[in-house]
Amino acid sequence: QVHLVESGGGLVQPGGSLRLSCTASGTIFSLRNMGWYRQAPGKERELVSTSTSGNSAYYADAVKGRFIIYRDNTKNTVALQMDRLEPEDTAVYYCYADIRPSRSAVSTNYWGQGTQVTVSS
């Protein structure tokens, strides 16, 4: 079975920083894209950042210039460095990994448990 475990959320003041980390483990035949979604109260879940298997990166317009995604393919780990945080960044952050569990299975997204990020004075 595939497991994604994430950590690093917390409470920070506006302008502060947090670093989220997520590690995938278990039965993994092929691991493709990894990244982060977030869901704020009253909002739809949105894609924040993606790292491809070739380590190219995508960022949502709202976080460009403030967030950086890192990936360690040897450890199936993805991290999100969040700087100059704003109250609008407050949300539950979910890591994901596009994984093919076996050669007989199709690739699907697997999800971490979510971690709360709160930006407030």
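Judged by distance alone, the side chain of Q113 and the main-chain N or O of V5 form no donor-acceptor pair under 3.5 Å. Looking at R84, its side chain does come within 3.5 Å of a backbone N or O of G65 through a donor-acceptor pair. One N or O on the side chain of R71 and one on the backbone of T52 form a donor-acceptor pair closer than 3.5 Å.
Between Q116 and T90, some side-chain heavy-atom pair lies under the 4.5 Å cut-off. When side chains are defined from C-beta on, R38 counts as touching V63, because their heavy atoms get closer than 4.5 Å. Taking the side chain as every heavy atom from C-beta outward, S17 and Q81 approach each other to under 4.5 Å. I69 is not listed as a side-chain neighbour of T50, based on a closest heavy-atom distance of 4.5 Å or more. Taking the side chain as every heavy atom from C-beta outward, V117 and M82 approach each other to under 4.5 Å.
Listed here is the closest heavy atom pair of E6 and C95: OE2-N, 3.0 Å. For the residue pair A91 and Q39, the shortest heavy atom distance occurs at CB-O, 3.4 Å. The nearest pair of heavy atoms linking S53 to L31 is CB-O, 4.2 Å. Considering all non-hydrogen atoms of both residues, L80 and S49 come closest at CD1-CB, 4.1 Å.
A search for ring pair (Phe, Tyr, Trp, His ring centres under 6.0 Å) contacts involving Y59 returns nothing, not counting sequence neighbours.
Between the CD atom of Q13 and the OG atom of S121 there is a distance of 6.0 Å, given to the nearest 0.5 Å. Separating the OG atom in S7 from the CG atom in L20 is a distance of 8.0 Å, to the nearest 0.5 Å. Here the straight-line distance linking atom CD1 of I99 with atom OG of S107 works out to 9.0 Å at 0.5 Å rounding. Here the CD atom belonging to Q1 is positioned 12.5 Å from the CD1 atom belonging to I28, to the nearest 0.5 angstrom. Atom-to-atom distance recorded for S120:OG and L85:CG is 12.0 Å, nearest 0.5 angstrom. A distance of 8.5 Å separates OG in S51 from CE in M34, rounded to the nearest 0.5 Å.
Alongside Y37, the hydrophobic cluster contains L47, Y58, V92, Y94, Y96, W111 (criterion: ILVMFWY side chains under 4.5 Å).
If you run side chain to side chain donor-acceptor pair (under 3.5 Å) between T23 and each of D72, N76, T77, only T77 comes through.
Using a 3.5 Å distance cut-off with no hydrogens or angles, the side chains of S104 and S102 do pair a donor with an acceptor.
Hydrophobic clustering (side-chain heavy atoms under 4.5 Å, transitive across Ile, Leu, Val, Met, Phe, Trp, Tyr) groups Y70 together with W36.
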